[in-house]
Amino acid sequence: MDKKYNFRNYEEELYSFWEQGGYFTAKVDKSKDPFCIVLPPPNANADLHLGHAMYVYEDVMIRYHKLKGLETLWLAGADHAGIETQFVYEKHLKKQGKSRFDFDRKTLFSDIWDFVMKNRETMENQLRKLGFALDWSKKKFTMDPDIVKIVNNTFKHLHDDGLIYRANRLVNYCTSCGTSFSDLEVADKEVTGKLYYIKFPVKEGGSVTIATTRPETYLGDVAVMVHPEDKRYQGMIGNTVVLPLIDREIPIIADEYVDPKFGTGTVKVTPAHDENDFQVAKKHGLWRDPILNFDGHMQHTGLDDIDGVYVVKARKLIVSKLEEGGFLEKITPHEMILHTCYRCGTTLEPLPKEQWFINVEPLKKNAIERVRNDEINIHPKRFKKQLIQILENFIDWNVSRQIVWGIRIPAYQCQSSNVKNQNKWFVSVQKPSSCQICGECSFIQDEDTFDTWFSSAQWPFATIQTIDSSFFDYFYPTAVMETGYDILRAWVSRMIMIGYFETKAVPFKHVFLHGMVRDLKGQKMSKSKGNVINPLDMIEKYGADALRAALIFGTKEGGDVVLSEDKIVAMRNFCNKIWNIARFLEMSKTNVVIPAKAGIQAGSPIGVGDDVLRETLKKLQKEFAVVQKQYHLHFKKFEFAKAFDLMYDFLWHRYADFYIEELKDGMQGGSIEASQSMMKIYHACLQMLHPYIPFVTEAVWKEVHEEDASILDSRF
RNA sequence: GAGCCCGUGGCUCAGUGGUAGAGCGUUCGAUUCACAUUCGAAAGGUCGGUGGUUCAAAUCCACCCGGGCUCACCA
């Protein structure tokens with residue numbers, strides 16, 4: 001054996017050995033208990049980052065259960081990542097001086113497809129570098145035809161159950177990305193904005209002053225609203241306001257929705273551009289078409305010089321016009337929250353648009369029950385409350401996206417000229433041969449694609465179902481869903497809702513949430529901050545084991561991980577320590593005669609009496625038994641970091657620093673008993689460490705056993 | 001406004017009732033001995049504050065201060 005463990009000589013070779021040797025390939029074996037984890041599919045549009053490396057917890061669980069003798073399946077996959085990917089791709093196009101509008105739908109789609117397939121392969125090889133025991137033979141992609149079929153089927157089932165509806169409602173629309181989002185993809189930004197106080201003349205005499213953060217939208221107002229019990233405005237309810245500059249007349253109405261304490265106690269109602277106004281206006285039977293189009297330009301305002309102007313510029317123009325006309329009373333600073341596009345940062349516009357929605361009420365009720373009853377266990381358990389709260393607050397889910405890259409919604413609109421059939425839709429999993437509404441028209445398919453999360457929500461069952469039904473029966477519900485706590489809302493909650501709806505079973509029995517990786521200052525790593533640690537560089541430099549261990553060592557479950565290069569170095573040193581223990585054991589096994597120490601004659605019983613030796617061995621065995629028990633207990637409780645810390649401390653500071661030093665002379669003096677006991681415990685430690693640092697443990701295993709032996713063939 | 005988490009040696013963090021721990025850093029010493037990617041030793045903490053429960057509190061309870069997260073609200 002070499003003096004040092006050189007991971008470069010082993011990692012790649014060992015991974016191929018495992019993969020090609022079928023160690024990661026799952027099969028249905030009813031004589032064993034199943035253990036299945038479906039990998040959260042990384043986006044197939046970029047290199048891996050440290051967030052992906054955190055999936056090491058899944059590898060830990062998979063390898064642990066393999067060593068326990070369970071039949072394990074860790075299913076590999078990739079996500080098409082709809083808007084994300086299209087966004088990345090458009091940046092590519094921009095570099096070439098092009099945009100998505102230069103291509104037709106078909107061309108754009110197939111170009112992105114090629115781009116994604118190339119990235120996907122890179123990404124998959126990077127997962128291999130991390131040592132992940134993924135079953136690649138069954139890998140899935142969210143846009144595989146059989147997955148798409150399942151996704152469409154789920155939509156159809158939801159539709160059949162009356163949980164899908166198409167509605168013209170306000171959606172969060174990004175005028176720059178050109179698509180709507182669900183409420184979860186809205187990034188809130190706290191800003192100090194302005195509150196504009198505008199004086200509206202009242203036809204019957206006097207005026208009312210309204211306070212608004214969006215002065216330009218008054219051009220789409222349908223009413224001015226006050227609280228029914230607000231004494232200041234009692235006499236004005238029912239009066240008519242004449243909108244400045246355009247002289248359009250709107251009523252003053254009363255509704256308890258108004259907070260008399262805010263601003264002037266009067267609210268302008270713009271149903272097409274504000275969710276709350278939309279609701280209130282609906283209640284009062286009021287409506288007016290939007291004054292802003294989907295490109296963010298003004299329209300139908302009643303002011304010729306404003307129509308066609310971009311919203312931000314229009315606001316300035318209108319404010320100065322109001323000021324000129326003496327309608328602007330004052331402007332005050334105002335702490336407010338801006339809804340922005342999580343992708344490009346553009347301020348989102350609430351705009352009325354016909355979209356597909358999922359009524360989540362019955363779905364979330366079931367999901368909450370499953371979580372409450374611990375049919376799904378959340379680890380660490382503090383996230384259980386959070387998940388329930390998230391589910392309780394879930395609102396109907398807009399699943400339509402106006403982008404090309406995604407699964408096209410399998411909904412078709414009847415084109416019959418018969419007025420009765422206007423805007424009639426039907427859902428069909430396969431491309432229909434005839435219109436299911438009128439039976440004769442040449443129906444057209446919805447241009448929109450599904451929100452990526454709609455297919456992701458089905459991932460645990462869709463993936464296994466497409467292997468074959470025996471796998472589904474055997475491995476589903478899956479054992480654990482392991483992912484970052486940041487997507488509890490976007491993903492985990494939806495998997496539970498949709499998974500239970502479609503399979504009438506929980507998609508997973510446990511959820512294990514890992515934390516975010518941060519730098520030494522506790523900051524999130526980001527390219528713009530320049531504090532990014534590239535996992536691939538670290539693997540190149542210190543080996544995959546070192547990186548893996550550094551992400552786990554000394555951390556708390558679900559807590560954020562502070563990662564530094566120093567920590568990775570420390571873990572590389574640990575790997576070397578493991579290597580050198582093996583080297584020592586190998587050397588003492590052969591009973592080499594070592595030079596005499598001062599005061600000890602060579603060839604004599606070397607100072608340590610047999611009884612003392614036995615005593616020490618007994619002590620070690622007792623101590624190790626406790627370690628073993630604790631180790632497995634930690635796994636039972638999903639305390640993976642604790643189990644690793646325990647082994648680190650035991651192997652290095654007890655086994656090596658203490659026991660080897662104590663027993664060294666005896667072992668090298670030829671005590672077979674000592675050598676064998678030490679060897680046995682060491683091998684057990686290798687197994688226990690293998691889930692965390694698979695490469696070095698396997699490398700050592702091969703050194704001390706026959707060449708073709710694998711630690712994965714051994715059992716605890 | 002509601003809920004959750006965190007505040008421990010210079011730095012980053014483990015530690016949930018019984019004499020304060022690790023990694024990195026610092027100081028001193030050790031190399032023909034499995035490993036200098038090492039070993040031995042040392043310095044360094046009134047465990048955010050106050051009060052309480054207890055024979056005993058970093059650990060349990062209450063309040064406060066500081067930092068973070070989630071949800072709700074946001075004209």
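Chain letters run A, B, ... following the sequence lines, proteins first and then strands; every chain starts at 1. On a predicted model such as this, the values are computed, not experimentally measured, just so you know.
Base pairing of rA57(B): no nucleotide in any strand meets the Watson-Crick or G-U wobble criterion (both distances under 3.5 Å). With both pairing distances under 3.5 Å, rG66(B) is matched to rC6(B) as a Watson-Crick or G-U wobble pair. A 3.5 Å limit on both hydrogen-bonding distances identifies no Watson-Crick or G-U partner for rU37(B). Under the Watson-Crick and G-U wobble criteria, each requiring two contacts below 3.5 Å, nucleotide rC47(B) is left unpaired. Figure legend. rA22(B) is base-paired to rU12(B); pairs are counted as Watson-Crick or G-U wobble with both atom distances under 3.5 Å. rG1(B) is paired with rC71(B) under the Watson-Crick or G-U wobble criterion, all donor-acceptor distances under 3.5 Å.
Taking atom P in both rG3(B) and rC61(B), the straight-line distance is 15 Å, to the nearest Å. Rounded to whole Å, the P atom of rU12(B) lies 15 Å from the corresponding atom of rG68(B). With both ends at atom C1', the span from rU31(B) to rG17(B) equals 46 Å, rounded to whole Å. Here, rA57(B) and rU53(B) have their C1' atoms 10 Å apart, quoted to the whole Å. Between rC39(B) and rA34(B), the distance separating the two P atoms is 14 Å to the nearest Å. Taking atom C1' on both rU54(B) and rA62(B), the two are 16 Å apart, rounded to the nearest angstrom. Taking the C1' atom of each, rA58(B) and rC13(B) are spaced 15 Å apart, rounded to whole Å. Taking atom C1' on both rC4(B) and rG40(B), the two are 45 Å apart, rounded to the nearest angstrom.
Aromatic pair Tyr197(A)/His334(A): ring centres not closer than 6.0 Å. Tyr631(A) and Phe635(A) have their aromatic ring centers within a separation under 6.0 angstrom. You'll find the ring centres of Phe624(A) and Phe650(A) inside the 6.0 Å limit. For Phe512(A) and Tyr57(A), the ring centers are positioned less than 6.0 Å apart.
Checking rU37(B), rA75(B), rC74(B) against every side-chain atom of Asn576(A), the shortest atom distance belongs to rU37(B). Side-chain proximity of Lys3(A) to rC4(B), rC74(B), rA36(B): nearest is rA36(B). Proximity note for Val267(A) (side chain, C-beta onward) versus rC4(B), rA75(B), rA34(B): the nearest is rA75(B). Checking rA34(B), rA75(B), rC39(B) against the side-chain heavy atoms of Met587(A) singles out rA34(B) as nearest. When the nucleotides rA34(B), rC73(B), rG3(B) are ranked by their closest atom to the side chain of Ile337(A), rC73(B) comes out on top. Checked against rC5(B), rA75(B), rC33(B), the side chain of Arg382(A) finds its nearest nucleotide in rC5(B).
Among the protein residues, Lys577(A) comes within range of the nucleic acid bases, having at least one heavy atom under 4.0 Å from a base atom. Among the heavy atoms of the strands lying under 4.0 Å from His339(A) is at least one base atom, whether or not backbone atoms are also near. Contact annotation for Ile210(A): no contact, since no heavy-atom pair falls under 4.0 Å across all strands. Using a 4.0 Å heavy-atom criterion, one finds that Glu661(A) contacts the bases of the nucleic acid, with or without backbone contacts as well. Among the protein residues, Val561(A) comes within range of no part of the nucleic acid, since none of its heavy atoms lies under 4.0 Å from any strand. Arg572(A) comes within 4.0 angstrom of a base, heavy atoms only. Nucleic acid contact class of Asp657(A) (heavy atoms, under 4.0 Å, all strands): sugar-phosphate only.
Position along RNA chain B of the nearest nucleotide to Thr266(A) versus Asp183(A) favours Asp183(A) as the more 5'-ward residue.
Rounded to an integer number of Å, the gap from Leu488(A) CG to rC4(B) P is 16 Å. For Leu338(A) and rC73(B), the CG to C1' distance is 16 Å, given to the nearest whole Å. Between Glu662(A) atom CD and rC39(B) atom C1' the separation is 15 Å, expressed in whole Å. Rounded to an integer number of Å, the gap from CE of Met1(A) to C1' of rA34(B) is 9 Å. If you measure from atom CD1 of Ile581(A) to atom P of rU37(B), you get 17 Å, rounded to the nearest angstrom. Per the geometry, NZ belonging to Lys330(A) stands 14 Å off C1' belonging to rA75(B), to the nearest Å. If you measure from atom CG of Asn580(A) to atom C1' of rC39(B), you get 13 Å, rounded to the nearest angstrom. Between Asp2(A) atom CG and rA36(B) atom P there is a gap of 13 Å when expressed in whole angstrom units.
No side-chain donor from either of His653(A) and Asp649(A) sits under 3.5 Å from a side-chain acceptor of the other.
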Every protein N/O within reach of nucleotides 69-71 of chain B N/O, cut-off under 3.5 Å:
from: rC71(B); atom 1: OP1; to: Arg489(A); atom 2: NE; distance (Å): 2.9
from: rC71(B); atom 1: O2'; to: Asn393(A); atom 2: ND2; distance (Å): 2.6

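Side-chain N/O atoms of Asn276(A) include one lying less than 4.0 angstrom from OP1 or OP2 on rC74(B). Using a 4.0 Å cut-off, some side-chain N or O of Trp652(A) falls inside it from OP1 or OP2 of rC39(B). Under 4.0 angstrom from either OP1 or OP2 of rG3(B) there lies no side-chain N or O belonging to Lys385(A).
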B/S/- along nucleotides 11-30 of chain B (protein heavy atoms under 4.0 Å) is -SSSS------SSS------
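Residues meeting the ring pair (Phe, Tyr, Trp, His ring centres under 6.0 Å) test with Tyr485(A), sequence neighbours left out: Phe383(A).
For the pairing with Tyr648(A), the ring pair (Phe, Tyr, Trp, His ring centres under 6.0 Å) check across Tyr655(A), Tyr692(A), Phe574(A) returns one residue only, Phe574(A). Looking at Glu623(A), Glu662(A), Glu661(A) one by one, the single match for salt bridge (Lys or Arg N to Asp or Glu O under 4.0 Å) with Arg654(A) turns out to be Glu623(A).
Around the CD atom of Glu540(A), the shell of radius 6.0 Å holds no more than 12 heavy atoms that belong to other residues, nucleotides or ligands.
Once rounded to the nearest 0.5 Å, the distance linking CZ of Arg489(A) with CD of Gln389(A) reads 10.0 Å.
Between the side chain of Lys364(A) and the backbone N or O of Phe394(A) there is at least one donor-acceptor pair closer than 3.5 Å.
Look at Asp374(A) and Lys384(A) and you find a salt bridge, because one of the NZ, NE, NH1 or NH2 atoms lies within 4.0 Å of a carboxylate O, short of that distance.
Between Trp491(A) and Trp453(A), the angle of the ring planes lies from 30° to 60°, which puts this pair in the tilted group.
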